[in-house]
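Inspection log for the structure reproduced underneath, given as structure tokens.
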Amino acid sequence: MFRSWRIGRIFGVPTELHWSFLLVPLAILVYSYETGIGLRWSQVQWWSSVTILLFGFVLVHELGHALTARWCGVHAQKIILFPLGGGALIPHEPKRVSQEVLIYAAGPLANVLLALLALPVLLYQPGGGYLIRYYLNPTGNLIVLPTLTEQLLGITFAVNAVLAIGNLLPAYPLDGGRILRALLKRPIGDRRATVVATLLGILIGVALIGFSWHLGDPVLSLSALFIVSFSAIELNRGWQRRQLQRTELADVLRPVSAERIYATDSVARARALFAKTDARVLPVYDNWNQLSGFVEREVLRQEARRDESLAPYYEAEYITGTADDSLLELTERIVAADVYGAAIYRADAVVGFVFTEDVIVLLDRSPRRFYKRFTSPVSPSPGA
Ligand SMILES: [Zn+2]
């Protein structure tokens, strides 16, 4: 979709920076600028160090997911870092529920570990108790200015605690929401588990937007907005697949018609046949009445001249299915093969055709929305 740059392999897991990461140095410059004074280099250094530290925590979180996936025998494709967090791309869902729970829990657990490592060192500092209270509630007052080491330790403790707790909220697409979905799969089924986790995602996301307004925190608002939109997309994707599961293949099957378009026909003749039907795609035959491929109404309307031959305008590739196939499974194959549709066979004869265009009409949505939902991969765990 959008570019990202490979920065290397960490423990063998390819790691990439998303293009929007370019906004991070920009944000550091904005934060370090003071009207009247200009750019303060000490602030640039401070915010750069803090940023590197924060992304170190996010990276540890994602490595928690990726390395646990690998340990469970599940392929971890890559880690991508975004300005507001990261994602570990795990394209195939693990077979066992326990593995899924373990993989999603490993990210927050890695942060708990980091927080627990920083805690005793922080407590060992003079006035450690005060420092911890301050970092858990930064709006409070601090009487003594902490040293650089104390500040870094405090940030390590507080940020990792927030990352662990925040990601364990039972809201899809956060780790907590995914764990909840995995646990609910067996008792109430895949689809209902997704509905519960995504609805909670929308509810908790909206609540977080309100909370972030109260705090005046734009980063939290943006993260909450992501949670709401990811949940809405996943909910919608589930609805689309459910509709296709419920529909019989026969409902969108276009029967073989007596009037046929031949590969040797002119564009004008093909257009004349399209004028007699509401079909957006029609089959094209060779002179022995064997199926040659499919042609689309829009392509002929926009790109072809009337007196031309049809030959350059039809697509010779298609897939085949049987009348007993499930519509969802067949649509998955059509979309994966990137073709107009499928020829449906019974015994050795073609009995009709299923076109994606008809499936899109059945779902009553725009082609762009259809493909966006249908091809969205098992999404990476965003947030952090
Ligand atoms: Zn995570």
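Hydrogens, waters and symmetry mates play no part in the numbers below; they use all other heavy atoms, side chains included. Counting convention: from 1, in listed order, for ligands and their atoms alike.
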*Nearest to the Zn ion (ligand 1), which N, O or S atom of Asp175 do we find?*
OD2
*Are Phe294 and Tyr314 close enough that their ring centers fall under 6.0 Å?*
no
*What atom name does the N, O or S atom of His61 nearest to the Zn ion (ligand 1) carry?*
NE2
_N/O/S atom of Glu62 inside 2.8 Å of the Zn ion (ligand 1), strictly under_ = no
Contacts table for residues 224-232: side-chain donor-acceptor under 3.5 angstrom, sequence neighbours left out:
| unit_1 | atom_1 | unit_2 | atom_2 | d |
| --- | --- | --- | --- | --- |
| Ser229 | OG | Leu225 | O | 3.0 |
| Ser229 | OG | Phe226 | O | 3.2 |
| Ser231 | OG | Tyr172 | O | 2.5 |
| Ser231 | OG | Ile227 | O | 3.1 |

_Under the side-chain hydrogen bond (donor to acceptor under 3.5 Å, both in side chains) test, residues paired with Ser326 that sit two or more places apart_ = none
_From Trp71 atom CH2 to Leu102 atom CG, the distance as rounded to the nearest 0.5 Å_ = 6.0 Å
_Suppose we only allow N, O or S atoms; which atom of His65 ends up nearest to the Zn ion (ligand 1)?_
NE2
